[in-house]
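Below is one structure; the comments refer to it alone.
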Amino acid sequence: MRGRLTGRIEGLLLGLALVALVVIAVVTVGGRFWWLPPLASQHGKEIDTLFTVTLIVTGIVFVLVQSLLAFLIFKFAGSEKRRAIHFTENRTLELVWTIVPAVILTMLIFFGGRLWSRIQLSEPPEDAFEVEVWGEQFRWTFRYPGKDGKFGRTDLKLVSVENPLGIDKNDPASKDDIFFFAGEENLHIPVNKPVVVYLRSKDVIHSFYVPHFRVKQDAVPGMVTRTWFIPTKKGEFEFACAELCGLGHYMMRGVIVVEEEEKVNQWLSEQLTVGDVLP
Ligand SMILES: [Cu+2]
């Protein structure tokens, strides 16, 4: 008798906990209290649509399954009728619960993969604005190609305190390059123009994440990865490392300033070049 009562109470508590979980999830996620910041890039809208569709599909399944579980616990915990029936095989049921999720997931993955390849694998226009972003434990460094539009050669053997990117100053393309650490200066890029970011890492994998632009791309040691986007709003936008890269990971942040192209060029013309700082 006592056992049955305990079972009832436990069932009631677990059922209530499940209902609370579902309500909290629906209110916080559905109410978008913790949502991505306002959009500031051209391709971002499609990312948001995909994100929302995925969330609705998985959200419906989540609410249905958890509610059903809570209902069954309420109804049968501590009850005489709680013994479950056992059957070894039900072909129709097994086919349904295999095929339905498989079709839904395949569709989500198909649309996601198509969008990703369109954003990530498409070639940026010839006249795109180019900048390099380097990750290292635990800071970001930016490099602009300068007036010639070419990044100078780099070599890890040349890395020193004064020359953190190992830029070969004997390469003619290096002389007008401009580099600085995030925090010393912000990353300035033009508005309404394609911007290509080449990502490089000096040690471990980092990830360049700009929530407002819906941009996230890894920086991998030993290779140059690339991402490109078109900023559509002027202003200051925070970016961060999205790959847990070590103890100081939390320090890897920076600010991107989006402004008119003339302003960016004006600002660039005021910066010291490799020729100035690495004589
Ligand atoms: Cu990092």
Side-chain angles (χ1 to χ4, degrees), residues 34-41 43-44 47-48 51 112 115-117 119-121 124 128-145 151-168 174 177-189 194-231 233 235-258 264 268 271 274 277-278:
W34 290 310
W35 203 249
L36 289 161
L39 253 186
S41 78
H43 72 259
I47 300 254
D48 285 9
F51 204 86
L115 177 60
W116 184 87
S117 53
I119 292 169
Q120 197 57 30
L121 303 181
F129 186 89
E130 293 182 307
V131 62
E132 264 185 5
V133 176
W134 292 58
E136 79 184 282
Q137 290 168 317
F138 294 99
R139 64 183 172 188
W140 295 102
T141 313
F142 311 123
R143 177 161 73 137
Y144 290 88
F151 294 102
R153 203 180 76 84
T154 60
D155 188 338
L156 276 182
K157 291 188 204 95
L158 299 171
V159 170
S160 65
V161 174
E162 301 77 46
N163 189 0
L165 302 183
I167 297 170
D168 178 2
S174 298
D177 286 11
I178 295 158
F179 72 88
F180 50 82
F181 301 121
E184 271 179 7
E185 258 298 356
N186 297 327
L187 179 68
H188 291 241
I189 54 172
V195 175
V196 187
V197 177
Y198 297 101
L199 290 154
R200 304 177 65 168
S201 169
K202 283 166 73 179
D203 36 45
V204 299
I205 299 176
H206 301 275
S207 183
F208 177 70
Y209 178 37
V210 197
H212 288 88
F213 298 167
R214 311 299 193 258
V215 162
K216 189 188 270 176
Q217 176 63 49
D218 280 2
V220 183
M223 65 191 285
V224 182
T225 49
R226 186 197 74 185
T227 186
W228 73 279
F229 51 87
I230 303 176
K233 276 188 196 156
E236 293 193 357
F237 305 98
E238 189 179 24
F239 73 95
C241 180
E243 190 78 57
L244 184 53
C245 55
L247 271 182
H249 166 64
Y250 70 94
M251 292 191 283
M252 290 190 71
R253 63 181 289 275
V255 173
I256 299 179
V257 177
V258 180
V264 177
L268 275 171
Q271 306 304 310
V274 165
V277 296
L278 301 176

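Start at 1 and go down the list; that is how both ligands and their atoms are numbered. One-based numbering along the sequence shown.
Each of Ile189, Ile119, Val210 was evaluated against Phe229; a single residue qualifies, Ile189, per the side chain to side chain contact (heavy atoms under 4.5 Å, CB included) test.
Residues meeting the side chain to side chain contact (heavy atoms under 4.5 Å, CB included) test with Ile230, sequence neighbours left out: Gln42, Pro194, Trp228.
Sorted by first and then second residue, the side chain to side chain donor-acceptor pair (under 3.5 Å) pairs with a member in residues 202-211 read Glu136-Lys202, Asp203-His206, Ser207-Asp218; sequence neighbours excluded. Within the structure, side chain to side chain donor-acceptor pair (under 3.5 Å) pairs that include any residue of residues 244-255 comprise Glu238-Arg253 (at least two apart or interchain).
Around the Cu ion (ligand 1), protein N, O or S atoms at less than 2.8 Å comprise His206 ND1, Cys241 SG, Cys245 SG, Met252 SD.
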message: Could you walk me through whether Phe179 and Val277 satisfy the side-chain contact (heavy atoms from CB on, under 4.5 Å) test, starting with their C-alpha distance in whole Å, then the side-chain angles of each, then the deciding distance to 0.1 Å, before giving a yes or no?
response: CA-CA 10 Å; Phe179 72 88; Val277 296; 4.0 Å; yes

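Taking the six-membered ring for Trp and thresholds of 30 and 60 degrees, Phe180 and Phe142 have ring planes more than 60 degrees apart, a perpendicular arrangement.
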